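Values below: all heavy atoms of this structure, side chains included; hydrogens, waters and symmetry mates excluded. What you see is a predicted model, and the numbers here were worked out from it, not measured in a lab.
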Amino acid sequence: MPELPEVEIVKRSLSKIANKAKIIDIKIKNKNLRYKIPKFFKKKLLNHNILRVSRRSKYIIFHFKNKFLLLHLGMTGKLLFFKKKYTTIFKTSFYHDLNILPKHNHIFFILSNNLTLVYNDVRRFGFFKIYENKKLNEISFLSKLGVEPLNKKINYKYFKKIIKNRKKNIKNILMDQTLICGLGNIYVSEALFLAKINPLRLSYSLKNREIKNIIKNIKLILKLSIAKGGSSIKDFKNTFGKNGKFQQYFNVYGRNNKNCSRTSCTGEIKKILISNRSSFYCSSCQK
DNA sequence: AGGCATGTTACAGG
DNA sequence: ACCTGTAACATGCC
């Protein structure tokens with residue numbers, strides 16, 4: 001899925017473009033996403049103004065008067081803006097350059113600003129949920145999340161606390177959304193490379209200096225990726241169908257058998273499985 | 001043909 | 001309670 005930087009990119013353009021727009025129509029072509037779109041979905045959102053759009057971890061939140069629309073993009077979910085009316089969006093030719101197939105367009109939000117926001121999701125692991133008269137922290141998906149990595153609360157003290165007494169490797173710690181949220185398989189590998197830490201290192205064995213280094217590089221890598229528009233491996237597109245550029249800057253992700261990019265290192269990038277997910281690291285400079 | 005894919009959840013078992 | 005591994009979800013690409 002899109003990880004934190006990709007979701008942040010989507011959220012930023014939504015904030016600019018969908019902000020203050022009214023939803024004037026909704027077309028549901030396929031309601032079978034990860035959770036089935038309920039019958040009242042359209043009725044609850046119709047003629048409501050999008051007051052603002054925010055992000056929490058990998059979730060996008062549309063704020064309406066007295067209600068929220070929560071969106072998770074799963075692995076392949078995309079939100080795309082089109083200037084055309086939804087009926088013309090079905091034309092295959094329209095998608096040629098974008099490599100987006102119309103058959104995966106599941107939901108159309110027709111907005112008052114003459115734009116149509118299309119939810120496209122190949123694998124349909126993404127989902128929408130509507131919450132009425134609730135506070136954000138009453139939404140179970142959000143309340144169980146840990147701290148945002150770009151938040152100042154992610155500091156040495158917090159890290160020390162969460163790794164204490166935990167017999168878990170550092171990769172799985174960073175992947176655990178209830179401890180620190182928004183990181184996924186790409187950015188964990190990349191951050192640990194920058195910090196020169198082996199992903200299998202047990203968290204309690206990390207020296208204070210190493211902990212500080214990990215925190216610093218998590219924040220660094222996320223900010224860099226956001227600045228480059230996120231990473232597009234296969235699926236990620238921003239709301240205009242454009243790829244991010246950060247994949248060009250990967251040091252380890254998907255680079256197994258290649259030479260370590262550190263000029264001072266002659267090691268080779270290895271790929272191993274940790275909790276059944278691919279993990280990439282340099283066996284020479286990541287200790 | 002089989003394995004793999006930016007994610008999350010449920011379950012079994014240690 | 002914590003941790004790991006496995007499978008599931010659905011589709012496409014090597």
Side-chain angles (χ1 to χ4, degrees), chain A residues 1-11 29-37 55-60 70-79 95 98-106 119-129 139-146 149 161-191 199-200 202-204 221-222 225-226 228-238 243-250 252-256 271-280:
Chain A
M1 140 177 178
E3 301 178 36
L4 187 153
E6 292 75 38
V7 178
E8 176 66 19
I9 292 299
V10 172
K11 175 248 158 182
K29 277 189 70 188
N30 186 347
K31 53 184 179 303
N32 295 306
L33 303 182
R34 179 163 148 212
Y35 304 117
K36 196 168 184 174
I37 299 288
R55 177 190 63 75
R56 172 84 168 100
S57 187
K58 304 169 190 174
Y59 293 87
I60 289 170
L70 184 71
L71 165 64
H72 194 291
L73 299 171
M75 289 276 241
T76 54
K78 290 173 266 292
L79 274 179
Y95 290 85
L98 305 182
N99 199 24
I100 293 166
L101 294 177
K103 67 174 173 178
H104 301 305
N105 290 335
H106 306 309
Y119 183 68
N120 179 293
D121 191 344
V122 173
R123 291 168 75 180
R124 284 186 275 127
F125 288 176
F127 66 88
F128 289 92
K129 287 263 186 188
I139 298 173
S140 64
F141 290 105
L142 304 182
S143 62
K144 61 189 171 197
L145 292 171
K161 192 182 82 184
I162 65 173
I163 67 177
K164 201 176 71 175
N165 301 328
R166 239 175 254 271
K167 262 194 176 168
K168 213 171 165 181
N169 65 58
I170 183 63
K171 193 207 173 191
N172 281 343
I173 293 268
L174 298 179
M175 293 288 284
D176 188 335
Q177 303 296 307
T178 67
L179 301 176
I180 172 171
C181 64
L183 293 169
N185 215 24
I186 294 176
Y187 295 102
V188 168
S189 275
E190 293 297 323
L200 289 170
L202 294 178
S203 60
Y204 62 77
I221 201 95
L222 294 176
S225 180
I226 291 169
K228 296 291 178 189
S231 306
S232 297
I233 300 177
K234 276 203 196 99
D235 290 295
F236 175 68
K237 308 275 180 193
N238 67 23
N243 288 331
K245 290 188 169 63
F246 194 68
Q247 67 281 6
Q248 298 168 18
Y249 301 86
F250 287 172
V252 287
Y253 188 85
R255 296 178 53 82
N256 40 317
K271 174 181 173 176
I272 58 169
L273 288 179
I274 299 177
S275 295
N276 269 328
R277 305 292 305 276
S278 294
S279 305
F280 302 88

Below 4.0 angstrom from OP1 or OP2 of [N], is there any side-chain N or O of [X]?
{"X": "N172(A)", "N": "dT4(C)", "result": "yes"}
{"X": "K144(A)", "N": "dT9(B)", "result": "yes"}
{"X": "K58(A)", "N": "dG7(B)", "result": "yes"}
{"X": "S275(A)", "N": "dT4(C)", "result": "no"}
{"X": "R123(A)", "N": "dC9(C)", "result": "no"}
{"X": "H104(A)", "N": "dA10(C)", "result": "no"}
{"X": "K167(A)", "N": "dA1(C)", "result": "no"}
{"X": "R277(A)", "N": "dG7(B)", "result": "yes"}

Once you round it to whole Å, what is the distance between [atom2] of [N] and [atom1] of [X]?
{"X": "I163(A)", "N": "dC3(C)", "atom1": "CD1", "atom2": "P", "value": "12 Å"}
{"X": "F236(A)", "N": "dG7(B)", "atom1": "CZ", "atom2": "C1'", "value": "15 Å"}
{"X": "Y187(A)", "N": "dA5(B)", "atom1": "OH", "atom2": "P", "value": "17 Å"}
{"X": "L273(A)", "N": "dC4(B)", "atom1": "CG", "atom2": "P", "value": "7 Å"}
{"X": "L142(A)", "N": "dT8(B)", "atom1": "CG", "atom2": "P", "value": "12 Å"}
{"X": "D176(A)", "N": "dT9(B)", "atom1": "CG", "atom2": "C1'", "value": "13 Å"}
{"X": "L71(A)", "N": "dG7(B)", "atom1": "CG", "atom2": "P", "value": "15 Å"}
{"X": "I186(A)", "N": "dG7(B)", "atom1": "CD1", "atom2": "C1'", "value": "12 Å"}

Whichever of K234(A) and I173(A) has its nearest DNA chain C nucleotide further upstream toward 5':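 So the residue in question is I173(A).
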
First encountered from the 5' end of DNA chain C, between R166(A) and R124(A):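 Here R166(A) is the residue nearer the 5' end.
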
Between NZ on residue K129(A) and NE2 on residue H72(A), distance to nearest 0.5 Å: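 Atom-to-atom, K129(A):NZ and H72(A):NE2 are 13.0 Å apart.
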
Rounded distance (nearest 0.5 Å) linking atom CZ of R277(A) with atom CD1 of I272(A): 13.5 Å

Nearest to side-chain heavy atoms of R34(A), which nucleotide of dC2(C), dT8(B), dG12(C): dT8(B)

Validation row, ring centre F128(A) to ring centre Y119(A) under 6.0 Å: yes

Centroid separation F127(A) to F141(A) less than 6.0 Å: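 Centroid distance F127(A)-F141(A): below 6.0 Å, so yes.
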
Aromatic ring of F125(A) stacked on base six-ring of dC9(C), 5.5 Å, 30°: yes

Does [X] reach a base, just sugar-phosphate, or nothing at all? Heavy atoms under 4.0 Å.
{"X": "N276(A)", "result": "base"}
{"X": "Y253(A)", "result": "sugar-phosphate"}
{"X": "D121(A)", "result": "nothing"}
{"X": "K78(A)", "result": "nothing"}
{"X": "F141(A)", "result": "sugar-phosphate"}

Any-strand Watson-Crick or G-U partner of dA10(C), both distances under 3.5 Å: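 Paired with no nucleotide.
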
Aromatic plane relationship, Y249(A) with F246(A) - under 30° parallel, 30 to 60° tilted, over 60° perpendicular: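 The arrangement is parallel - the two ring planes meet at less than 30°.
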
Verdict with reasoning, D176(A) to I162(A), per side chain to side chain contact (heavy atoms under 4.5 Å, CB included): CA-CA 11 Å; D176(A) 188 335; I162(A) 65 173; over 6 Å; no

